[in-house]
Amino acid sequence: MTDERTRSIDLSGLGDWKRSDYCGGLRAADNGREVTVMGWVNSRRDHGGLIFVDLRDRSGILQIVFDPDSSGAAFALAEALRSEFVVAIRGRIEKRSAETINPNLATGEIEVVCLEAKLLSQARPLPFAVDGNTEVTEQTRLKYRFLDLRRPEMQERLLFRHRLAKSVRDYLDGAGFVEIETPVLTRSTPEGARDYLVPSRVTPGHFYALPQSPQLFKQILMVAGFDRYFQIVRCFRDEDLRADRQPEFTQIDLEMSFVTPDDVMAVTEGMLTVACALRGIEVPQPIPRLTYDDAMRRFGIDRPDMRFGLELAEVSDVVRNCEFKVFREAVAKGGIVKVLRVPDGDRLSRKDLDNLPTLVAPYGAKGVAWVRVNADGWQSPIAKFLSDSERKGIESACGAGAGDLLMFLADSPKVVNDSLANLRLKIGDQLGMIPSDTYAFVWVTDFPLFDYSPEDKRYVAVHHPFTSPRDEDLERLESDPASIKALAYDVVLNGTELGGGSVRIHRPDVQSRVFQALGIGEAEARNKFGFLLDALSFGAPPHGGIAFGLDRLAMLLTGGTSIRDVIAFPKTQRATCLMTEAPSPVDPKQLRELGLKLSE
RNA sequence: GGGGUGGUAGUUCAGUUCGGUUAGAACGCCGGCCUGUCACGUCGGAGGUCGCGGGUUCAAGUCCCGUCCACCCCGCCA
């Protein structure tokens with residue numbers, strides 16, 4: 001079939017032809033001009049004695065008319081054209097007659113009458129149509145990414161990503177930030193995600209790590225006196241993938257000297273304003289703030305979707321001694337009981353209610369108790385276990401009134417919050433309460449500095465080990481680590497964490513104490529972070545910064561649900577590339593040079 | 001590591017409950033006709049390792065076991 005397609009046609013070179021215009025920009029005002037356009041055959045309509053070709057380039061689509069009266073040679077060539085052949089067209093722009101205008105095309109008032117044509121390249125029959133009307137599975141798209149990326153939708157996404165990065169760069173440049181590159185081959189650090197390792201040939205048995213972020217380098221650039229740094233930089237984390245997580249991703253990374261959290265947040269708000277303006281989206285000035293404790297209390301999550309209500313309320317104290325064993329025992333065991341109030345609860349059917357346990361099971365919850373608050377009292381399987389005063393207490397805790405549906409979770413704080421946070425999203429979505437054209441930004445502040453890891457039997461850094469505690473908490477660093485709040489802040493958009501940052505520790509004594517609290521001994525700290533402690537000891541300014549997920553920002557601003565759609569060549573969930581088939585085995589010789597041996 | 005969904009023509013899917021003649025549709029592809037289409041029309045045609053391996057059966061796309069791939073989620077990750 002390939003042979004038949006290609007047999008009788010000669011390919012041409014460009015010769016002295018130069019493109020005069022992109023397809024998509026031509027208009028009625030160009031009537032009469034002779035133009036040279038080049039691009040791909042988006043589609044071909046052959047009427048026997050007359051052939052129309054929609055020519056596509058990055059800018060759009062333009063109709064070319066091949067008429068034997070205008071050029072017999074070009075017409076003969078048009079007969080052989082097929083989808084995605086690459087051609088150069090010389091022709092004259094003509095206004096279309098009124099009845100042949102195509103209002104669906106930006107260039108629909110005109111067409112190009114072909115006077116001369118060159119076939120630059122042929123295409124085998126395609127695995128899928130590039131025309132944008134055909135649904136294709138992602139697996140096929142990723143294998144033939146070069147074709148997928150031709151689709152106007154993907155072109156627009158990547159062009160937008162370009163404009164987004166440029167607007168950020170321009171803004172930060174204008175705000176006095178200096179773009180400085182940091183190493184990609186660097187050293188492995190404990191804490192945080194699993195590193196991608198790169199073996200050293202020159203020092204066998206030693207490894208570089210690809211950076212999870214340029215964290216330490218940017219701090220050292222502050223010590224070096226650059227005052228304001230930024231970088232749009234690739235980061236690497238060898239963890240399992242999600243729709244919004246790739247093993248390599250791009251951060252907008254910045255750091256500033258002599259600042260408080262407010263200063264970093266102000267720069268961030270300016271940057272987001274410029275970025276969102278590309279989509280006509282307004283960013284509130286300032287972006288509302290929520291403490292971590294409030295976020296957890298009201299939404300059960302540290303990245304709440306603020307586009308809708310459905311807030312949570314805690315009722316542990318109300319039900320501490322109630323007759324319902326599940327509630328009573330949860331509280332007795334140090335757990336909590338929280339309630340999600342759904343207004344107009346009859347929008348959820350009994351079947352919906354029966355399905356609730358399935359929705360929370362992934363988070364370890366054993367069930368969901370529910371109550372319908374009717375005008376004449378409570379309708380609920382657990383109503384009989386709750387006294388009048390307990391009912392009143394619950395109603396006042398969550399503001400319940402007639403018509404509301406209440407959903408209860410009783411378990412450890414983690415299970416309750418995880419479950420209800422997820423339930424809130426699911427139900428908000430199901431009831432159509434989440435407006436899709438709204439962009440709700442929120443700062444989450446005052447994160448805990450440490451989180452206790454039962455697995456490791458020690459405290460781990462919630463943000464990272466270089467985050468500064470609040471000054472007023474310093475004295476409790478050793479005595480009550482769990483109570484320490486960090487000078488850390490996340491910016492959240494529609495329930496997605498866009499960026500996070502902190503003011504850093506700039507005193508070597510404080511840094512050492514935090515390492516101690518994290519169970520990183522003096523010798524290990526010296527060994528792993530000696531260069532940082534050194535740097536801090538030679539005159540470090542107070543400094544802080546933030547890092548943004550460029551991919552996530554691009555995804556949200558293009559209305560996508562997966563960052564793969566704003567990454568030209570993304571990886572699959574198993575971190576492979578379907579186009580290049582990376583990763584791949586390597587030649588034994590390469591392994592020998594690196595001093596590596598594979599086990600079995 | 002775990003849970004879920006999917007894999008049938010180049011593509012997107014139906015067919016799988018309840019096993020049964022030659023596995024279908026649309027789009028695409030190939031050929032004929034067609035001078036105003038733009039999802040062109042029209043006539044004809046080709047195209048299948050039913051993801052892969054094993055099993056049950058007279059008989060497997062369909063049932064059973066294993067396995068690979070993609071996606072969503074939990075764990076993991078800021």
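For clarity, every value in this text was computed on a predicted model and none was experimentally measured. Proteins get letters first, then strands, A, B, ... in listed order; numbering begins at 1 in each.
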What contact category does A/Gln573 fall into here, base, sugar-phosphate, or nothing, at under 4.0 angstrom with non-hydrogen atoms? base
Please determine whether any donor N or O and acceptor N or O are separated by less than 3.5 Å between the side chain of A/Arg96 and the base of B/U37. yes
Have a look at A/Asp238 and say if it touches a base, only the backbone sugar-phosphate, or nothing, with a 4.0 Å heavy-atom cut-off. nothing
Using a cut-off of 4.0 Å on non-hydrogen atoms, how would the nucleic acid contact of A/Glu138 be classed: base, sugar-phosphate, or nothing? sugar-phosphate
May I ask you to evaluate whether A/Arg564 reaches the phosphate of B/C72, defined as a side-chain N or O under 4.0 Å from OP1 or OP2? yes
Does B/A70 have OP1 or OP2 under 4.0 Å away from a side-chain N or O of A/Thr572? yes
So what's B/U56 paired with, Watson-Crick or G-U wobble, going by both distances under 3.5 Å? none
Counting side-chain heavy atoms from CB outward, which of B/U12, B/C40, B/C77 is closest to A/Thr140? B/U12
What is the pairing partner of B/U21, taking Watson-Crick or G-U wobble pairs with both distances under 3.5 Å in any strand? none
Describe the nucleic acid contact of A/Asp244 in one word from base, sugar-phosphate, nothing, applying a heavy-atom distance below 4.0 Å. nothing
Would you state whether a donor and an acceptor, one from the side chain of A/Gln63 and one from the base of B/U37, lie under 3.5 Å apart? yes
Is the ring of A/His47 stacked on the base of B/C40, with centres less than 5.5 Å apart and planes under 30° off? yes
Any strand counts, and the cut-off is 3.5 Å on both contacts for Watson-Crick or G-U wobble. Which nucleotide pairs with B/U5? B/A70
State whether a side-chain donor-acceptor pair under 3.5 Å links A/Thr358 with A/Asn355. yes
Mark yes or no for a side-chain to base donor-acceptor pair under 3.5 Å between A/Arg245 and B/C77, with no hydrogen or angle criteria applied. yes
Closest-nucleotide ordering on RNA chain B, the 5'-leading residue of A/Pro68 and A/Ala193: A/Pro68
Ignoring backbone atoms, test whether A/Thr137 places a side-chain nitrogen or oxygen under 4.0 Å from the OP1 or OP2 oxygen of B/C13. no
side-chain hydrogen bond (donor to acceptor under 3.5 Å, both in side chains) assessment of A/Thr189 paired with A/Arg187: CA-CA 6 Å; A/Thr189 52; A/Arg187 75 169 280 156; over 6 Å; no
Is there a donor in the side chain of A/Thr250 and an acceptor in the side chain of A/Arg161, or the other way round, less than 3.5 Å apart? yes
Just call it for A/Arg45: base, sugar-phosphate, or nothing, with non-hydrogen atoms closer than 4.0 Å on any strand. base
A/Thr100 side chain near B/C38 phosphate (N/O to OP1/OP2, under 4.0 Å): no
Need one value for A/Ser213: base, sugar-phosphate or nothing, where a base atom within 4.0 Å counts as base even if backbone is also close, heavy atoms only. nothing
Select from A/Asn422 and A/Gln212 the residue whose nearest nucleotide in RNA chain B is closer to the 5' end of that strand. A/Asn422
Taking N and O atoms by type only, does the side chain of A/Asn102 place a donor or acceptor under 3.5 Å from a partner on the base of B/C38? yes
Gap in Å between the two C1' atoms, one belonging to B/C50 and one to B/G7, rounded: 10 Å
Nearest to the A/Glu111 side chain among B/U35, B/U12, B/U37, which nucleotide is it? B/U37
Cation-pi check, A/Arg237 onto A/Phe249 ring (under 6.0 Å, within 45° of axis): no
Using a cut-off of less than 4.0 Å, is there contact between a side-chain N or O of A/Ser562 and OP1 or OP2 of B/C71? no
Between B/U11 and A/Phe128, is there a base-stacking contact, meaning the centre of the base's six-membered ring lies under 5.5 Å from the residue's ring centre while the planes stay under 30° apart? no
With the side chain of A/Asp54 defined as its heavy atoms from C-beta on, choose the nearest nucleotide among B/C77, B/C38, B/G75. B/C38
Counting only side-chain heavy atoms from C-beta out, which of B/U12, B/C76, B/G31 sits nearest to A/Arg82? B/G31
What nucleotide among B/A70, B/C77, B/C38 has an atom nearest to a side-chain atom of A/Arg237? B/C77
As its Watson-Crick or G-U partner within any shown strand, both distances under 3.5 Å, B/U62 has none
The test is side-chain hydrogen bond (donor to acceptor under 3.5 Å, both in side chains); show your working for A/Tyr229 and A/Asp253 and say whether it passes. CA-CA 8 Å; A/Tyr229 141 97; A/Asp253 189 46; 2.9 Å; yes
Send over the distance from A/Arg44 CZ to B/G41 P, rounded to a whole Å. 14 Å
Considering only side-chain heavy atoms of A/Tyr363, which listed nucleotide, B/C73, B/C77, B/C38, is closest? B/C73
Should A/Arg242 be listed as having a side-chain N or O under 4.0 Å from OP1 or OP2 of B/C74? yes
Considering only heavy side-chain atoms of A/Asp69, the closest of B/C38, B/U35, B/C73 is B/U35
